[in-house]
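Below is one structure, written out as structure tokens, with a few remarks after it.
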Amino acid sequence: MSVDPAAQVHPSAVIEQGATIKAGARVGPFSLIGADVVLDEGVEVKSHAVVTGITKVGAQTVIFPGAVIGEIPQDLKFKGEATRLIVGKRNRIREGVTMNTGTEGGGGETRVGDDCLFMTGSHVAHDAIVGDRVIVANQGAIAGHCVIGDDVIIGGLSGVHQWVRIGKGAIIGAVTMVTNDVIPYGLVQGPRGSLDGLNLVGLKRRGVDRAEISALRAAFQALASGEGAFLERARALKETEDSAYVNEILEFILGSSDRSFLTPEH
């Protein structure tokens, strides 16, 4: 066990032999820190939280009461192999959040980026890869093997099906089930999620140039109603498009995927 002298650990907390707690970290009352856990500088684990498994938590992340971080996957194929969870910096992991380690079949690692907010009761499953500045609202769930891009927002009570990719800057409405890939900057809503447009509010908030937004709108319309199948429209756009934002969408569509796409409504 390695507890930096500048760390603060409540006397009632359980710190298992082998854990590493770095300078400025704080562990609250009745929390458990497992033997293979690393808490980087300034991490705060509030009361009654569990951080276990082969788990590294990045600097300044705060874990709230009742969260369980680094437990084994909810996967019947898991047989106890050594897999890990890597959580980035400055995340806010609220009450009752669960994050699982990876599986051997999925690459062995679950990863969460920096500056994310996971609201009460949300879940990150095995082998998921979550980007930076992602927000998952209350009771939202990310299933195994999903890839969630930077700046994505997932609404409350929404679920993302296993193996789904959600592109950068997309927004998923509340109470939505996402069963197919979502293009970058897409807007998805409805009980069985449909691609209803672009996340224009998010683009404007990030200061995206008006010309780029116009290019995105034109590209979305071309993908929705052009000639040929969806992938054929994307390939045709790729040959002529010079907008960086539009090309980000096209590269996402033309990249490798284990699922089909949510496509624009005509």
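Treat the numbers as computed from the prediction; the structure is a model and nothing was measured. In what follows, every heavy atom counts, from backbone to side chain, and hydrogens, waters and symmetry copies are set aside.
- Partner of Glu251 under the salt bridge (charged side-chain N to carboxylate O under 4.0 Å, His left out) criterion, out of Arg235, Lys238, Arg165: Lys238 alone.
- Here Leu250 contributes atom CG and Leu223 contributes atom CG; the two are 6.5 Å apart, rounded to the nearest 0.5 Å.
- Both tests do not hold together for Arg92 against Phe118: distance to the six-membered ring centre under 6.0 Å, angle to the ring axis within 45°.
- Looking at Glu16, its side chain never comes within 3.5 Å of a backbone N or O of Gly34 through a donor-acceptor pair.
- Counting non-hydrogen atoms of other residues, nucleotides and ligands closer than 6.0 Å to NZ of Lys89 gives a total of 12 or fewer.
- The heavy-atom pair separating Ala170 from Val182 by the smallest distance is CB-CG1, 3.9 Å.
- Residues Val50 and Ile72 do not share a hydrophobic cluster, defined by chaining ILVMFWY side chains whose heavy atoms lie under 4.5 Å apart.
- Under a hydrophobic-cluster definition in which Ile, Leu, Val, Met, Phe, Trp and Tyr are linked whenever side-chain heavy atoms come within less than 4.5 Å, directly or via other members, Leu216 and Ile253 are assigned to the same cluster.
- In the hydrophobic cluster analysis, where Ile, Leu, Val, Met, Phe, Trp and Tyr join through side-chain heavy atoms closer than 4.5 angstrom, Val97 is grouped apart from Ile86.
- By the 4.0 Å N-to-carboxylate-O rule, Asp40 lies close enough to Lys22 to be salt-bridged with it.
- Rounding to the nearest 0.5 Å places OG1 of Thr120 at 12.5 Å from CD1 of Ile93.
- Here the shortest heavy-atom pairing between Val134 and Gly131 reads CG2-O, 3.7 Å.
- The backbone N or O of Val246 sits nowhere less than 3.5 Å from a side-chain atom of Glu248 that would complete a donor-acceptor pair.
- Heavy atoms only, all atoms of each residue included: Gly167 and Val152 are closest at O-CG2, 3.2 Å.
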Walk me through whether Leu262 and Val188 qualify under side-chain contact (heavy atoms from CB on, under 4.5 Å). CA-CA 9 Å; Leu262 292 180; Val188 174; 3.8 Å; yes
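- Ile69 CD1 to Leu85 CG: the interatomic distance, rounded to the nearest 0.5 Å, is 7.0 Å.
- There is a side-chain donor-acceptor pair under 3.5 Å between Gln74 and His123.
- The side chain to side chain donor-acceptor pair (under 3.5 Å) test with Thr101 singles out one residue from Thr83, Thr110, Asp127, and that residue is Thr83.
- Side chains of Arg206 and Leu203 form a contact here, defined as non-hydrogen atoms less than 4.5 Å apart.
- For the pair Gly28 and His10, the tightest heavy-atom approach, listed with the atom from each and the gap, is C-CB, 3.7 Å.
- Asp258 places no side-chain N or O within donor-acceptor distance of the main-chain N or O of Trp163, the cut-off being under 3.5 Å.
- Listed for the Arg233 side chain is a donor-acceptor partner under 3.5 Å among the backbone atoms of Ala224.
- Atom-to-atom distance recorded for Asp181:CG and Phe261:CZ is 5.0 Å, nearest 0.5 angstrom.
- Shortest non-hydrogen contact noted between Ser12 and Pro29 is OG-CA, 3.2 Å.
- With hydrogens and angles disregarded, no donor-acceptor distance shorter than 3.5 Å links the side chain of Ser47 to the backbone of Phe30.
- Salt bridge annotation for Asp115-Arg133: absent, with no cationic side-chain nitrogen under 4.0 angstrom from a carboxylate oxygen.
- Residues Val124 and Ile129 do not share a hydrophobic cluster, clusters being chains of Ile/Leu/Val/Met/Phe/Trp/Tyr side chains in contact below 4.5 Å.
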Evaluate Glu44 against Lys46 for salt bridge (Lys or Arg N to Asp or Glu O under 4.0 Å), listing each step before the verdict. CA-CA 6 Å; Glu44 181 177 4; Lys46 293 179 179 283; 3.4 Å; yes
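- Heavy-atom neighbours of Glu104 CD from other residues, nucleotides or ligands within 6.0 Å: at or below the threshold of 12.
- Without hydrogens or angle criteria, Arg259 side chain to His161 main chain gives no donor-acceptor distance under 3.5 Å.
- The closest donor-acceptor contact from the side chain of Asn138 to the backbone of Gly156 lies at 3.5 Å or more, if one exists at all.
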Evaluate side-chain contact (heavy atoms from CB on, under 4.5 Å) for Ile21 paired with Asp4, printing each intermediate quantity in order. CA-CA 6 Å; Ile21 302 177; Asp4 191 279; over 6 Å; no
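- If you take CZ on Phe230 and OG1 on Thr263, they are separated by 6.0 Å, rounding to the nearest 0.5 Å.
- Judged by distance alone, the side chain of Asp114 and the main-chain N or O of Asp132 form no donor-acceptor pair under 3.5 Å.
- To the nearest 0.5 Å, atoms CG (Asn100) and CD1 (Ile142) are separated by 12.0 Å.
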Report, one line per pair, each donor and acceptor closer than 3.5 Å where one atom sits in a side chain of residues 51-68; sequence neighbours left out.
| residue | atom | partner | partner atom | Å |
| --- | --- | --- | --- | --- |
| Thr55 | OG1 | Thr52 | O | 2.6 |
| Thr61 | OG1 | Gly58 | O | 3.3 |
| Thr61 | OG1 | Gly88 | O | 2.9 |
| Thr61 | OG1 | Arg90 | N | 3.3 |
| Thr61 | OG1 | Asn91 | N | 3.1 |

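- Residues Ala49 and Val45 approach most closely at CB-CG1, 3.7 Å, considering heavy atoms.
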If you apply the rule salt bridge (Lys or Arg N to Asp or Glu O under 4.0 Å), what do you find for Asp150 with Lys168, and how did you get there? CA-CA 5 Å; Asp150 296 344; Lys168 178 180 179 180; 5.3 Å; no
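- Checking Thr176 against Gln189 by side-chain atom types alone, no donor-acceptor pair falls below 3.5 Å.
- Between the Ser122 side chain and the Ala141 main chain, no donor and acceptor come within less than 3.5 Å of each other.
- Residue Ile213 is not grouped with residue Ile171 when hydrophobic side chains (ILVMFWY) are merged at heavy-atom distances under 4.5 angstrom, including chains of intermediate members.
- Under the 3.5 Å distance criterion, the side-chain polar atoms of Ser158 are left unmatched by any main-chain donor or acceptor of Ile154.
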